[in-house]
Structure formats: structure tokens, C-alpha cells
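Here the structure is laid out as C-alpha cells; the discussion comes afterwards.
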Amino acid sequence: MNHQIKKDDNPDLIEERSKATFDTDAFGAFIWGGYNNLKRRREIARYYEDHKELHDTVPIAFMTREEKLENAYRKASIFENHIKKACDVNNPEEVRYFNWLVYHIDGHPTSVHSIMGFPTIINQSDKEQQERWLQSGENREYLATYAQTELGTNIKKLETTATYDQKTEEFILNSPTVTSLKWWPGNMGHSHNVAIVMAQLWINNKCYGPHPFFVQIRDPKTHKPLPGITVGDIGPKFGLNTTDNGFLKLDHVFPNGTYVPPVHDKIAYSSMMLVRAIITPLMGENLCIGATIAIRYSAIRRQGEIKPGDGEVQILDYQTQQHRLFPQLARGIAFLLAGRNTYNFCNNVLKDIKNGDVSLLADLHAILCGLKAISSYQAELGLEQCRMACGGHGYSAASGFPLLNSNQFNGVTVEGDNLVLLLQVARYLMKRAKEIRYEIRYGQQPSKPNEIYDYLFDDAPKKCLIDQAYVPNYKNVLESFEYLSKKLTLQAYDKLEQLKQRGRTSEVAWNECSVELCKAARAHIRTFLARTFINEVNQVNGLPLLTVLKDLLQLYLFYEVKECMAGLMEDGYMLGQQLHYVKKNIYEALSKIRPNAVSIVDSFDFTDRELNSVLGRRDGHVYENLLKWAQASPLNKHDVLPFHHKYLGRMMEEARQKSRL
Ligand SMILES: CCCCCCCCCCC/C=C/C(=O)SCCNC(=O)CCNC(=O)[C@H](O)C(C)(C)COP(=O)(O)OP(=O)(O)OC[C@H]1O[C@@H](n2cnc3c(N)ncnc32)[C@H](O)[C@@H]1OP(=O)(O)O
Ligand SMILES: Cc1cc2nc3c(=O)[nH]c(=O)nc-3n(C[C@H](O)[C@H](O)[C@H](O)COP(=O)(O)OP(=O)(O)OC[C@H]3O[C@@H](n4cnc5c(N)ncnc54)[C@H](O)[C@@H]3O)c2cc1C
């Protein structure tokens, strides 16, 4: 049953919704982690709808950058009062959802304080510092950005220095070169007045590596930059244009403090881990939003005939359109599920770390890096497919895609470039490979068992077992991912070792294997995503929901296997006939999903505000609203543009006069 049917909606959508074979609320509860969460989302969305002061005065697409910033600041100034009424502020998902409704994809203009600056203070300060800065940070008496990236350096080689002065007992922060300027920190340009500056710590001429420092960059009252500080906005970007990403130069600045060594030398990186954990489900949500817009539009857009004489069909009936869109739906769901799992894992490990237990830190770091890299890349490609699936209207800001996709671009870069992060996964895999090749063979115990990589130590079947069974066997597909991941991991390891034996240094050998290393990393993460999706679906009771989820799972697994076919077939593990079965499973899944497609996207329960798209409107009244949207464009305030006669009008008039001569 589709709960979204309303009699005044577009008739094609009504028809689509009436065909649902499952309960959309049950699906929504599965996606958002239970009925109560679904209910809370609806209550929060209603709160947002009822409070017009939180709405945009005109569509964001029609605003200049300054207007966007002012609009965001205006909402931020009243946001704190509202959020306490709308949400359980201790529930991060409720807080995130309310933020999304109010600020949409451009984000809260103090988001870096909430997701990076302040968490760094919470997780990386001692008792005395916490007493001084926790409550005031919570109250937003100050706003802290996270200033790590520099104009031209990498994080291990950061150039910003923090030198301890024994006499004054102060740290002196300095940007010694132009490349050491902090560049990119969010909200640093104008909004925030404190920066958590990552700098190389020097004590008695000894460097202790990058450490975070709490630096007041603007006067708390006047908001003017403090002496020694040069700060500003880095200019317009592809997206996130309500975020004033900034630059910062420190000229011998003196924040005071003492040095307390952390329990692990990578604790300074824990703020990045938290954000990486947030990014994967966000990528899932973005992709589901894009798929919702494109699938609804494809259900109301009629173009061309399949059976001559039968009339124009909904473009969603074309197999090509389904093949373009449904895998995005399946991937979006896979990212949401895996993201939720690892977010919980991340919070548990961070709690352990606080108690001095860092045993799971490396496992967590690797999986977060890999998921962030795969999900952001595939979401970017997928959103582009969704945009293209909407034809010309997909290119209009009215579709929502220009804002969504241009913001999405940052996903592959923020919190570490994707390839750099895949190489971190590869480092981790190479350690497992070493255990397989040497340590276990010589009687040593492998590292602590862990569901994430145990398969690397198991003997999997040597032949692919995918067959033409009517009910697909997911275990056979999962084993294919495991086989590929193990093969690529060991191949990369053996190549590395051979190169070293031939005299290459570890670093040079690493570089010469880095494409292969990234392939191994991708295969490992694909395996994790597939396993998580299977595990989650296996926990579902209730046949109608289970059936539609299995259709999506079938599409996900076989689509991903097809993407890996070169690696699976090159050594004869998978045969040509099996590839044929894989494709058959994909096409079959597309036709099974087709009648439920609109109801599946309805189940996400996205409001029109979340979609921000005329094409994806829940009621399907696209065409009349496209006209309204165009008429609202600021250009159409005038019948004749104020500068028309100054230029084009004059040009035409002059041409007419000439031709009269
Ligand atoms: C709409 C779509 C977009 C959504 C986006 C929403 C969010 C918007 C938020 C935007 C805000 C953005 C903020 C930022 O970008 S902040 C800056 C982030 N910067 C980075 O992420 C830099 C990336 N680089 C790194 O993290 C490190 O350089 C890197 C981990 C890649 C390498 O570390 P290092 O330089 O130390 O070098 P090594 O490779 O030698 O590593 C040494 C060992 O340390 C291990 N390691 C590294 N990091 C961690 C960690 N976090 N935890 C545990 N262990 C770690 C590493 O694996 C090595 O271990 P081994 O020696 O044992 O192999
Ligand atoms: C919207 C946005 C918001 C941001 N917000 C913040 C913030 O709040 N705070 C902050 O500190 N930073 C922030 N950043 C910076 C961001 O974290 C970095 O841009 C990101 O980590 C990539 O680093 P980089 O720009 O130095 O790219 P580089 O590391 O220079 O990457 C460029 C290319 O070089 C390749 N490369 C680099 N190193 C290696 C290697 N070791 N092996 C192989 N290939 C390599 C990469 O794969 C990539 O193709 C933000 C960036 C953006 C775009």
C-alpha cells in the first residue's frame, strides 16, 4: 500500500502508486531505522513547514552569493530556538534532518563548528580545557572552524608551526611561507571567530608532528581579525556557496596552553574520521534524492511509443531509462545501510579511544576511508545519470540538479581526496596480505578476527558459482566479490614484494603498484557494501517488503558484479555463460522493480523541500509549476531589461538605420 496517494495528484502518479505491492511506510521504516524515526521525521518536517520564518524568501537559485549568505545567517540567528522545539537535540539524526530542511544542501553557516571544530575540542582537550571551552562552545558563544589544509602542502608535511616558548610558556603559531597559508577551512572566511589550527608542534627544537591548537582569530566583540591574523573568503566555488571557505595567515600568534600527549599518535585525525562517517550515509541520501526526482519525472513524462499505435509511453517504461536510474536507487540504499552501520561502529570506537583502547582504530580508519571514497564517487556519477535522465529540464535549476550535483562534486575531495583514501585502505590490506603470505604460514596467529576482512583468510571456491537459478543465490555473488578482493590484494602484495626484491625502495614500489592497490581497495569495499546489504535484508520480516528489497538487492549485486567482470573473467574464475546469467539477473530485476519504482521512492518520504525540485514534486504537477518557476525568475520582473536599450536595443536600432541608408 502506498500511503502517498492523493486524488488531486498527477493521474500517472496516482496510477503508479496504486500498483504498489508493499507498504511504503514499512519500507520507510526500514530505510530510516524504525517506525519511530519515520514518525519523528514527519513531525520535524511539519514543524519546519509551520514556521515560515525558517523558509527561504525566494528560491536559492535566484539569489546572489551575498544574499545566500545573509539568508543563511538570518535563519541561523533564530535556528537555536527552533531546533530545541523541533528536535531531540541529543539525537544526531534528528538534528541533521532539521538542518537539511532549513538550509538544504548548502548547509548551516556554522556547520564546521558543529561537525569539526567543536568535536575536536570535545574529543581532544583535557579536563581543564573542557571546563573552559565546552559549555561555551555548546552555547555557540564562539564558533570554531577546522583549519588543517594548507595552500600547497600535505598533512604530514604541514608547514604551519607551533613553537613552544619556554620563557613565556606560550605557543607561537606562524605561517612561514605562502604555501603554508591555511586554505579551504569552512566558515573561516567571515563567519567563525576561532580556528582549530593544525600545526607542527616544536618543543626544544624537536618536532612532534601535527597537533590541533585553539586559536582566537577574530575579536569576540568587534569580529575584526586579531593582530597577526590575515583572514578572508577564498571566493565562489562549484557549490556550498553559503559556506565561506577561507584563507588564514598567522604571523607569530600566541595562544597559550600546555602540551599533553595523546593516547595514539593518530588521535589528532579523529575529527576527520567522524566526518567521513557522516559522509557515506549523506551520499546515500543524495543519490536517493536524485533518483526520486528522476523516477517521478520519468513517470509523468511521456515520449515516443514502444508498441506503435498504443500511444506515448512514460519514459520510465524504456529499459534504458530503468538501467540508468534503478541502479542509483539500489546504490543509494546500499550507502545508507552501510553508512548507518559504520557510523555506529565509529561512535563505539571513539568511546573506546576515550577509555584508552585504540585496538579497533586501524580497522575503523580503513573502512571509513574506503566507504567515503566509493560512496562519494559513485554518488557523483549516479547523480549525473539522474540529471541526464531528465533531458533538457534536468539542466534547469528548477530540476534541483544544478545545486545538488555541483555540491556533490566536493564529496570526492573533502576529508581527503578519494584516491589518497583508497591508498590508506590498501595499506591496511597489505598488512593482511603479509599475514596470509608469511605469518600464518609460519604458525603465527592472524590479527584479531573481524567480519570486515575475515574472508581474506578463508579458502573460497576456486570457480564462480553464479548460475541461472530462478531465485538468485546471494552467497554465490558475495563469494565472487570476496574472491576478486582477495585475488587483487594478494596480486598487489606480490608485485610490491617483487619490486622490492628487484631493488626498488618501499615508497617507489608502492607508487608503481598504486593503481593495482586502489583496485584491491575498491574490491574490498564493494565486498563490505554487498555483505552489509545482504545482512540487512536478511533481517527483514514480512514478505511484501522483503520481496521488493530482494529485487533491489538482486539488482545491486548483479550490477556490481558486472562492473567487476574484467577482474572476474581474466583468470577464468567466471565464464562467459555466467556473465550472461549476470546480465539476465539485472534485466529481470529492472522489470520487477519497474511497477514499484514510484512507490519505492515515495517510501523515502522526502518532502518537496528536501527534493527542492519542480520535476520531483510529490504531486507530479510538473509542467504548470515549471511555468510558475520561470515566471518567478528575477529577470522576468521587467518586460524590458533596464540595460536593453543601452546595448542590444541600440545595436539593433543602429543596424536598422544602416540598412535604411
Ligand atoms: C554534498 C556532498 C558533500 C558532503 C560533505 C559533507 C561534509 C562537509 C564537510 C566539509 C568539511 C571538510 C573538511 C575537511 O576537508 S578537513 C581536512 C581533511 N583533510 C584530510 O582528510 C586530509 C587527508 N589526509 C589524511 O587524512 C592523511 O594525510 C592520510 C590519512 C591520507 C595519511 O596520513 P599520514 O600523512 O600520517 O601518512 P601515512 O600514510 O604515513 O599514515 C601513517 C599511519 O597512520 C595511519 N592513519 C592515518 N590516519 C589515521 C586515522 N585517522 N586513524 C588511524 N590511523 C590512521 C595510517 O593508516 C598509517 O598506518 P600504518 O603506518 O600502520 O600503515
Ligand atoms: C568544499 C571543501 C571544503 C573543505 N573544507 C575544509 C575544512 O573545513 N578544513 C580543512 O582543513 N580543509 C578543508 N578542505 C580541504 C580538503 O580537505 C582538501 O582539499 C582535501 O583533503 C584534498 O587535499 P588537496 O586539496 O591538498 O589535494 P591534493 O592532495 O593535492 O590532491 C590533488 C591530486 O593529487 C593526488 N595525490 C595527492 N597525494 C597523493 C598521494 N600521496 N598518492 C597519490 N596521489 C596523490 C590526489 O589523488 C589528487 O588527484 C575543504 C575542501 C573543499 C573542496
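When a ligand or atom number is given, it counts from 1 through the structure's own listing order.
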Any protein heavy atom < 4.0 Å from atom 42 (N) of ligand 2
yes
Is the shortest side-chain N to carboxylate O distance from Asp417 to Lys372 below 4.0 Å?
no
Does any N/O atom on Thr145 come nearer than 3.5 Å to any N/O atom on ligand 2?
no
List the closest protein heavy-atom neighbour of atom 36 (N) of ligand 2: residue, atom name, distance to the nearest 0.1 Å.
Val420 CG2, 3.8 Å
If you count the atoms of ligand 1 from 1 in the order shown, which ones are under 4.0 Å from a heavy atom of Lys431?
60 (P), 62 (O), 63 (O)
Before signing off on this row, confirm whether Tyr146 and ligand 1 have an N or O atom pair separated by under 3.5 Å.
no
Looking only at distances, can you tell me whether any N or O atom of Asn410, backbone or side chain, sits closer than 3.5 Å to an N or O atom of ligand 1?
no
Asn245, Asn187, Thr149: member with heavy atom nearest to atom 13 (C) of ligand 2
Thr149
Could you list which atoms of ligand 1 come closer than 4.0 Å to a heavy atom of Leu282?
4 (C), 6 (C)
Under the ring pair (Phe, Tyr, Trp, His ring centres under 6.0 Å) criterion, do Tyr453 and Tyr428 qualify, and how do the steps go?
CA-CA 10 Å; Tyr453 61 73; Tyr428 176 87; 5.6 Å; yes
Where on Asn418 is there a heavy atom closer than 4.0 Å to ligand 2, on the side chain, on the backbone, on both, or on neither?
neither
Honestly, for Arg276 the part within reach of ligand 1 (heavy atoms, under 4.0 Å) is side chain
What part of Leu419 sits under 4.0 Å from ligand 2 if we count only heavy atoms: the side chain, the backbone, both or neither?
side chain
Please could you name the atoms of ligand 1 that Met283 approaches to less than 4.0 Å, counting only its heavy atoms?
2 (C), 3 (C), 4 (C)
Using the six-membered ring wherever Trp is involved, compare the ring planes of Tyr455 and His524 and label them parallel, tilted or perpendicular (cut-offs 30° and 60°).
parallel
Less than 6.0 Å separating the ring centroids of Phe98 and Phe79?
yes
For atom 48 (C) of ligand 2, which candidate among Leu422, Asp417, Leu421 provides the closest heavy atom?
Asp417
Side-chain donor-acceptor contact under 3.5 Å, Thr145 with Asn187
no
So which heavy atom in the protein is nearest atom 14 (N) of ligand 2, and how far is it from that ligand atom?
Trp184 CB, 3.4 Å
Counting each atom of ligand 1 from 1 as listed, which ones have a heavy atom of Met116 under 4.0 Å away?
13 (C), 16 (S)
Hey, is atom 28 (P) of ligand 2 under 4.0 Å from any protein heavy atom?
no
More than 12 heavy atoms of other groups within 6.0 Å of Phe345 CZ
yes
Just jot down the ligand 2 atoms closer than 4.0 angstrom to any heavy atom of Leu240, in number order.
1 (C)
Check this for me: Tyr73, atom OH, are more than 12 non-hydrogen atoms of other residues, nucleotides or ligands nearer than 6.0 Å?
yes
Nearest protein heavy atom with distance in Å, relative to atom 9 (N) of ligand 2
Tyr146 O, 2.8 Å
Any N or O of Trp183 closer than 3.5 Å to N or O of ligand 2:
no
Pull out every atom of ligand 1 sitting under 4.0 Å from any heavy atom of Met273, numbered as shown with elements.
50 (C), 51 (N), 52 (N)
Thr149 neighbourhood, listing ligand 1 atoms whose heavy-atom distance to it stays under 4.0 Å
17 (C)
Taking distance alone, with N or O pairs closer than 3.5 Å, would you say Gln148 contacts ligand 1?
yes
Less than 4.0 Å between atom 23 (O) of ligand 2 and some protein heavy atom, yes or no?
no
Working to the nearest 0.5 angstrom, can you tell me the gap between Ile44 CD1 and Glu93 CD?
8.5 Å
Does Gln408 reach ligand 1 with a nitrogen or oxygen that is under 3.5 Å from one of the ligand's nitrogen or oxygen atoms?
no
Just to be sure I read this right, does ligand 1 sit under 4.0 Å from the backbone of Leu364, its side chain, both, or neither, counting only heavy atoms?
neither
Does the protein come close to atom 11 (O) of ligand 2 - that is, does one of its heavy atoms sit below 4.0 Å from that atom?
yes
Does atom 32 (C) of ligand 2 have a protein heavy-atom neighbour under 4.0 Å away?
no
Less than 3.5 Å between some nitrogen or oxygen of Asn410 and one of ligand 2, yes or no?
no
Compute the minimum heavy-atom distance from Leu423 to ligand 2 and say whether it is under 4.0 Å.
yes
Among side-chain atoms of Gln491 and Tyr493, is any donor-acceptor pair under 3.5 angstrom?
no
With rounding to the nearest 0.5 Å, note down the distance linking CD in Glu285 to CD1 in Ile289.
5.0 Å
Distance (rounded to the nearest 0.5 Å) between Ile367 CD1 and Leu360 CG:
12.5 Å
The atoms of ligand 1 lying under 4.0 Å from a heavy atom of Gly416, numbered in the order shown, are 20 (C), 21 (O), 23 (C)
Ring centroid separation Phe214 to Trp133 under 6.0 Å
yes
Give, for atom CG of Leu419 and atom CD of Gln424, the distance between the pair rounded to the nearest 0.5 Å.
12.5 Å
Heavy atom under 4.0 Å from ligand 1: found in Asn154's side chain, backbone, both, or neither?
neither
Can you sort out which atoms of ligand 2 are near Gly186, meaning under 4.0 Å from one of its heavy atoms?
7 (C), 8 (O)
Within the supplied structure, the quantity of interest is the number of heavy atoms (other residues, nucleotides, ligands) at a distance under 6.0 Å from Glu512 CD; does it exceed 12?
yes
Strictly less than 4.0 Å: does any protein heavy-atom distance to atom 3 (C) of ligand 2 fall in that range?
yes
Is atom 19 (O) of ligand 2 near the protein, in the sense that some protein heavy atom lies at less than 4.0 Å from it?
yes
If you measure every N/O of Met116 against every N/O of ligand 2, is any gap under 3.5 Å?
no
Please tell me if the side chains of Leu456 and Ser485 come closer than 4.5 Å, counting only heavy atoms from C-beta onward.
yes
Distance-only polar pair, side chains of Asn241 and Asp106, donor-acceptor under 3.5 Å:
no
Which distance, rounded to the nearest 0.5 Å, do you find between the CD1 of Ile217 and the CE of Met188?
6.0 Å
Considering all protein heavy atoms, does one lie under 4.0 Å from atom 7 (C) of ligand 2?
yes
Using a 4.0 Å heavy-atom cut-off, which part of Glu415 comes near ligand 1: side chain, backbone, both, or neither?
both
Here the atoms of ligand 1 under 4.0 Å from any heavy atom belonging to Val420 are 31 (C)
When only distance counts, is Lys156 in polar contact with ligand 1, meaning an N/O pair under 3.5 Å?
yes
Separation between NE2 (His211) and CG (Leu201), nearest 0.5 Å, reads 5.0 Å
With sequence neighbours left out, the residues meeting side-chain contact (heavy atoms from CB on, under 4.5 Å) with Pro220 are Gln216
Go through ligand 2 atom by atom and flag the ones less than 4.0 Å from a non-hydrogen atom of Gly416.
21 (O)
If you look only at distance, which donor and acceptor atoms sit under 3.5 Å apart when one is on a side chain in residues 274-282 and the other is two or more places apart or in another chain?
from   : atom 1 : to     : atom 2 : distance (Å)
Arg276 : NE     : Glu415 : O      : 2.9
Arg276 : NH2    : Glu415 : O      : 3.2

